[in-house]
Amino acid sequence: MNTAPAPAPELCELDLGIGGMTCASCVSRVERALKKLPGVQDAAVNLATESARVRWRDTPQADAEASVMTARIQRAVRDAGYEPRPLASPSDATAPTWLGVPRDAWPVWLGVLLSLPLAGPMVGDLFGQHWMLPAWIQFLLATPVQFVLGARFYRAGWHALKALSGNMELLVAIGTSAAWGMSTWLWWRAETGAMVHLYYEASAVVITLVLLGKWLEARAKHRTTEAIRALHALRPEMAHLLPDGVKREALQDVPVAELLPGDLVLVRPGERLPADGTVHQGQTQVDESMLTGEPMPVPKQAGDAVTGGSLNGDGAVQVRVTAVGAQSVLQRIIALVQDAQAAKAPVQRLVDRVAAVFVPTVLALAGLTFLGWWGWQGAPVEDALLHAVAVLVIACPCALGLATPAAIMAGTGVAARHGILIKDAEALELAHRVDTVAFDKTGTLTVGEPRLLRLVPADGVDDAGALQAAAALQAQSEHPLARAVVQAAAHASTDAQTAEDVQAVPGRGTRGRVQGAALYLGSLRWMDELGVALGPLADAARDLQAEGATVSALAVGAGQDTADGVGPVRPLALLAFADEAKPGAAEAVAGLRARGLRLVMISGDNRGAAEAMARRLGLRPEAGEVLAEVLPGDKAAHVAGLKAGGHRVAMVGDGVNDAPALAAADVGLAMGHARGGSDVAMHAAGITLMRGDPRLVAAALDISRRTVGKIRQNLFWAFAYNVAGIPLAALGYLNPVVAGAAMALSSVSVVTNALLLQRWRPGQGSVPPR
């Protein structure tokens with residue numbers, strides 16, 4: 001008996017929010033807990049977005065498996081000491097307030113109000129004033145800060161201990177508890193009426209500073225998601241649904257979420273388009289800068305595609321909806337940017353390994369600090385304990401956990417605003433190492449449509465008349481060369497002509513009658529078959545072909561066609577066709593060359609045509625910068641060959657037939673089409689250029705370089721705070737209050753440094769040669 005094979009397990013994915021994470025050690029702990037679950041393939045936790053992405057294998061036989069696994073994942077997060085929650089929507093831009101103050105700021109303000117009286121005497125001592133409060137007042141001020149406002153540190157620290165791990169909260173809880181406990185002990189054992197020096201201000205001020213730092217950090221992180229919130233804001237809430245004559249007899253306003261493919265909607269001047277579709281009636285201009293980064297409006301008329309979220313100009317149009325929800329271009333862009341911001345860059349793996357051993361190491365160093373001061377130096381117990389507390393406080397690895405994700409979020413966000421979609425963090429990190437850029441020719445460096453470059457008339461032939469006659473023959477043809485002739489004639493100022501008895505000759509050309517004359521328009525091979533003697537035009541044809549042009553000829557019959565063939569035929573003109581370089585393509589090539597990059601153009605054209613276009617673009621065929629006559633299926637092999645030569649290769653293509661080559665490169669850059677149509681491109685490569693401008697290639701490499709630079713700067717400062725701060729605290733040069741301020745400053749500084757990327761613009765500044 002034959003049994004059907006079991007269906008292959010399906011890869012499932014879950015994104016969820018996680019509350020309570022504060023440092024890189026928290027990230028490591030949650031990831032370890034998630035990866036221990038049976039079936040989990042991968043778990044990536046992001047501190048900056050306070051989220052996790054979990055992938056696991058699911059079998060189709062178990063219908064409830066997905067929901068069961070989701071529950072297990074949430075339970076694992078909770079057991080690790082954190083709060084699983086729905087992923088927050090970036091569109092929720094306003095925080096709840098209480099009495100006009102953001103709710104999350106109240107603990108900070110209360111901490112400041114209770115800590116200021118304790119910190120005041122420290123300031124007075126600098127001026128010779130003794131403002132020391134009685135011990136019982138210090139106790140009453142510090143205790144609520146320690147155990148009410150600081151309760152979050154105890155909860156999270158206890159969960160860390162249960163998991164035999166450590167985190168920032170554990171360090172803060174141990175350090176401040178030691179300062180509070182020592183102060184209470186000294187007060188308790190002091191003689192009645194004696195003035196004893198207490199350290200309540202250290203515990204209260206450190207907790208307040210940590211809360212302040214976390215609040216400022218949260219505010220700064222909120223700014224890193226501005227790109228996502230801006231994209232969400234592009235979607236209008238309501239759409240004007242037109243009557244269909246059956247269910248709806250009048251215009252009706254409905255929520256955009258209720259639109260269906262096939263619906264007909266009215267878009268008034270100045271409104272945003274509610275969904276992807278095609279213009280059914282009317283004409284207007286649409287601002288698609290949200291999609292392409294190009295500020296110039298794009299003309300739209302009946303039959304043209306439009307994108308939801310783009311801004312309608314001064315014309316009212318009716319739009320037939322083609323895609324809604326997750327299938328819309330805007331939603332896919334949002335998903336790509338969110339994926340990139342949630343992804344973990346390769347450099348972050350090093351940070352995770354460091355964080356895994358960081359907290360235990362700090363606890364050991366704090367213990368050694370206490371023993372060194374008390375046992376070796378003979379210092380009082382309270383002094384030794386204060387130095388150990390300072391070590392615990394300054395070593396909190398908050399900045400370490402934020403250094404990479406904050407920079408990635410800022411970099412991918414600002415890139416998206418300028419039409420550069422970075423699909424994953426790995427592509428972002430690798431792009432700055434590229435030393436070779438390989439371009440597909442057609443549609444990437446060139447327009448992708450042939451143009452009539454020249455018309456060479458025979459002696460005594462009017463070139464304008466010849467052009468109009470050729471256009472008359474090609475008026476009904478959809479061949480690319482025919483469209484090029486018709487477009488060229490449409491721009492001429494002469495009167496159009498009409499053709500009769502038009503007949504396409506497969507593989508050769510077109511023939512028909514224009515103003516009573518028998519005309520033939522087609523390849524030079526067909527002209528040879530017709531017995532056309534080009535005469536003086538033959539040299540011109542060879543020269544044009546040497547320049548890479550495709551040459552056709554227009555000829556006229558001197559007599560009537562017969563059963564044996566055609567009558568004598570003489571040439572009227574040569575028509576030379578070629579693809580045009582994209583505006584900015586030569587500038588893009590020159591700019592990349594100035595950066596020290598090696599350039600290669602891959603083309604399926606014959607070598608003459610490919611090299612001619614390459615020279616127009618500023619490429620050097622003699623230096624091996626042109627790979628011609630390459631079949632589409634062989635492009636990936638050529639890219640692999642470049643990589644085998646030790647080069648880091650970026651491949652730039654149109655994202656459709658170049659998909660294998662894009663995947664084979666170290667970094668694939670898929671170039672979208674100027675009028676949208678970038679559906680496939682958004683999924684074909686690590687980076688998608690939403691505007692068909694080759695100059696964006698340099699911009700993509702530049703934002704990669706700048707983002708990686710910010711990551712390195714952030715990691716340097718995060719490590720520098722700890723490398724410099726821990727020895728200073730251990731040697732007694734930093735008290736716990738100063739250590740707490742430095743720790744808070746480190747977190748805020750790395751996020752603020754990452755936010756400087758938001759000032760980036762394509763083409764801004766120059767990049768030094770490699």
Side-chain angles (χ1 to χ4, degrees), residues 21-28 46-48 166-172 175 205-206 209-210 212-214 216-218 220-221 224 344-366 368-369 372 386-411 425 429 432 705-757:
M21 295 192 302
T22 55
C23 66
S25 296
C26 299
V27 171
S28 298
N46 189 307
L47 177 61
N167 58 11
M168 185 203 81
E169 283 88 351
L170 181 62
L171 299 181
V172 173
V205 172
V206 165
L209 285 173
V210 173
L212 175 62
K214 299 307 293 180
L216 292 174
E217 173 189 306
K221 285 194 296 184
T224 64
K344 182 170 291 188
V347 70
Q348 183 67 22
R349 296 171 193 143
L350 170 63
V351 177
D352 294 343
R353 288 196 296 268
V354 172
V357 298
F358 189 82
V359 173
T361 302
V362 170
L363 289 171
L365 289 174
L368 291 174
T369 299
L386 278 180
H387 297 323
V389 168
V391 170
L392 291 173
V393 171
I394 200 168
C396 295
C398 315
L400 198 61
L402 289 167
T404 300
I408 288 175
M409 291 174 69
E429 186 173 330
H432 82 285
R705 182 187 67 87
R706 291 174 185 267
T707 303
V708 171
K710 288 298 181 187
I711 291 174
R712 290 173 175 170
Q713 292 170 17
N714 284 349
L715 289 175
F716 170 79
W717 286 112
F719 280 110
Y721 273 112
N722 289 318
V723 170
I726 291 175
L728 290 175
L731 294 173
Y733 292 107
L734 295 178
N735 63 45
V737 173
V738 175
M743 186 271 293
L745 178 64
S746 68
S747 299
V748 176
S749 64
V750 297
V751 178
T752 303
N753 185 47
L755 287 174
L756 295 177
L757 282 170

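Just so we're clear, the structure is a prediction, and the values are computed from it rather than from any experiment.
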If I compare all heavy atoms of [X] with all of [Y], which pair ends up nearest, and what's the gap?
X      : Y      : result
Thr369 : Ala388 : CG2-N, 4.0 Å
Ala407 : Ile711 : CB-CG1, 3.5 Å
Asn714 : Ala754 : ND2-CB, 4.0 Å

**Study point:** Any residue meeting side-chain contact (heavy atoms from CB on, under 4.5 Å) with Leu756, in chain and number order, not counting sequence neighbours
**Key:**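 side-chain contact (heavy atoms from CB on, under 4.5 Å) list for Leu756, sorted by chain: Lys710, Asn753, Arg759.
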Check your understanding: Of all residues at least two apart in sequence or in a different chain, which pass the side-chain contact (heavy atoms from CB on, under 4.5 Å) check with Leu731?
Key ->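 Checked Leu731 against side-chain contact (heavy atoms from CB on, under 4.5 Å); matches are Tyr733.
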Practice item. To the nearest 0.5 angstrom, please state how far the OG1 atom of Thr707 sits from the CE atom of Met409. Key: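 Atom-to-atom, Thr707:OG1 and Met409:CE are 13.0 Å apart.
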Review point. Measuring from Trp717:CH2 to Gln713:CD, what's the distance to the nearest 0.5 Å?
Key: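 Answer rounded to 0.5 Å: 9.5 Å.
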